[in-house]
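The block underneath contains the structure these notes are about, expressed in structure tokens.
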Amino acid sequence: DIDGDTLTVPDKNNHQERIRFQGIDAPESNQAFGNVSKENVAKLIFGKTITVEFDHRDKYGRILGKILLDGKDIILQQLRDGLAWYYREYEKELSETDRKAYSAAKAESKMAKRGLWKDANPTPPWEFRHPGKSTSDAPIAAPSGGRLIGNKRSMIYHLPNCPDYSKISEKNREYFKTEAEAENAGYRKARNCP
């Protein structure tokens, strides 16, 4: 059982283990590029022996880890191929080296318009899973100076005249002076901005 960021594999005792790739979120199976992302993982690892580096499980009991094939990082390859998002919400679980490599691979594949980045505004899987869910019901005071607010969780930025500008949770906010600065950091403009 494989998708773009999760797989089920037998361990050495033939017990089935669910593995969640740490640091990324891939398109859902019924989402654009979902099957392409899944097929890419299958092509990379099917019939091969992989190594999983991990130190804990997620809240669903899945092993949360780094997938290696002959020392090659399969997660990094998914990002390079443009078939997953670098998931900043969980970046603290990654080593500094992996954070930098994953972020750079995502930015490079986006610039090269590989995989899901062929779409001008691909929908992140966390938005696809929860359409219309805002990060907060209570509006917060907008900062002065007309700065842009980026949502670290969704990697979307909002202009001061956007409807959801003040709805981003305090802990998820990142500020930018220009749209170019936000886009260089890997953010995209909110679709509901005028």
Practice prompt. Not counting sequence neighbours, list each pair that qualifies as a disulfide bond (SG atoms under 2.5 Å apart) and has a residue in residues 161-194.
Written response: Cys162-Cys193

Point-to-point distance, once rounded to the nearest 0.5 Å, from [atom1] of [X] to [atom2] of [Y]:
X      : Y      : atom1 : atom2 : result
Arg153 : Glu174 : CZ    : CD    : 16.0 Å
Arg188 : Lys110 : CZ    : NZ    : 8.0 Å
Ile19  : Thr6   : CD1   : OG1   : 9.5 Å
Ser103 : Leu94  : OG    : CG    : 10.5 Å
Thr123 : Arg191 : OG1   : CZ    : 3.5 Å
Leu116 : Ser109 : CG    : OG    : 7.0 Å

Could you check whether any side-chain N or O of [X] sits under 3.5 Å from a backbone N or O of [Y], counting only pairs where one atom can act as donor and the other as acceptor?
X      : Y      : answer
Gln22  : Glu53  : no
Asn184 : Ala180 : yes
Glu181 : Lys177 : yes
Arg114 : Arg80  : yes
Lys48  : Leu69  : no
Asp58  : Tyr60  : yes

Looking at [X] and [Y], what are the two nearest heavy atoms and their distance?
X      : Y      : answer
Gly4   : Gln78  : O-NE2, 3.0 Å
Gly186 : Lys106 : O-NZ, 2.8 Å
Phe176 : Gly150 : CE1-CA, 4.0 Å
Leu83  : Ser37  : O-OG, 2.8 Å

Applying side-chain hydrogen bond (donor to acceptor under 3.5 Å, both in side chains), name anything that partners [X], two or more places apart in sequence or on another chain.
X      : value
Tyr157 : Glu179, Glu183
Glu96  : Arg99
Asn35  : none

Discussion item. Go through it in stages, so that I can follow the logic: the residues are Tyr187 and Ile156, the test is side chain to side chain contact (heavy atoms under 4.5 Å, CB included), and I'd like the CA-CA distance, side-chain angles, deciding distance and then a yes or no.
Written reply: CA-CA 5 Å; Tyr187 287 73; Ile156 293 172; 5.7 Å; no

Is it true that [X] and [Y] fall in one hydrophobic cluster, defined by side-chain heavy atoms closer than 4.5 Å?
X      : Y     : result
Leu76  : Ile50 : yes
Leu64  : Ile67 : no
Ile63  : Phe21 : yes
Ile74  : Leu79 : yes
Trp117 : Tyr87 : yes

Discussion item. Is any side-chain heavy atom of Pro27 closer than 4.5 Å to one of Phe128?
Written reply: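 In short, these two side chains do not touch, never coming nearer than 4.5 Å.
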
Item to complete: Compare all side-chain heavy atoms of Ile45 with those of Leu7 and state whether any distance is below 4.5 angstrom.
Response: yes

Fill in: Selection residues 20-30 - residue pairs positive for salt bridge (charged side-chain N to carboxylate O under 4.0 Å, His left out), sequence neighbours left out
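Sorted result for residues 20-30: Asp5-Arg20, Arg20-Asp25, Asp25-Arg129, Glu28-Arg129.
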
Worksheet entry | Stepwise side chain to side chain contact (heavy atoms under 4.5 Å, CB included) test for Val52 and Glu17 | CA-CA 11 Å; Val52 181; Glu17 286 282 3; over 6 Å; no

Worksheet item: Would Glu91 and Tyr86 count as having a side-chain donor-acceptor pair, cut-off 3.5 Å?
Response: yes

Discussion item. Tell me every residue that passes ring-ring contact (aromatic ring centres under 6.0 Å, His included) with Phe33, counting only those two or more places apart in sequence or in another chain.
Written reply: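 For Phe33 there are no ring-ring contact (aromatic ring centres under 6.0 Å, His included) partners, ignoring immediate neighbours.
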
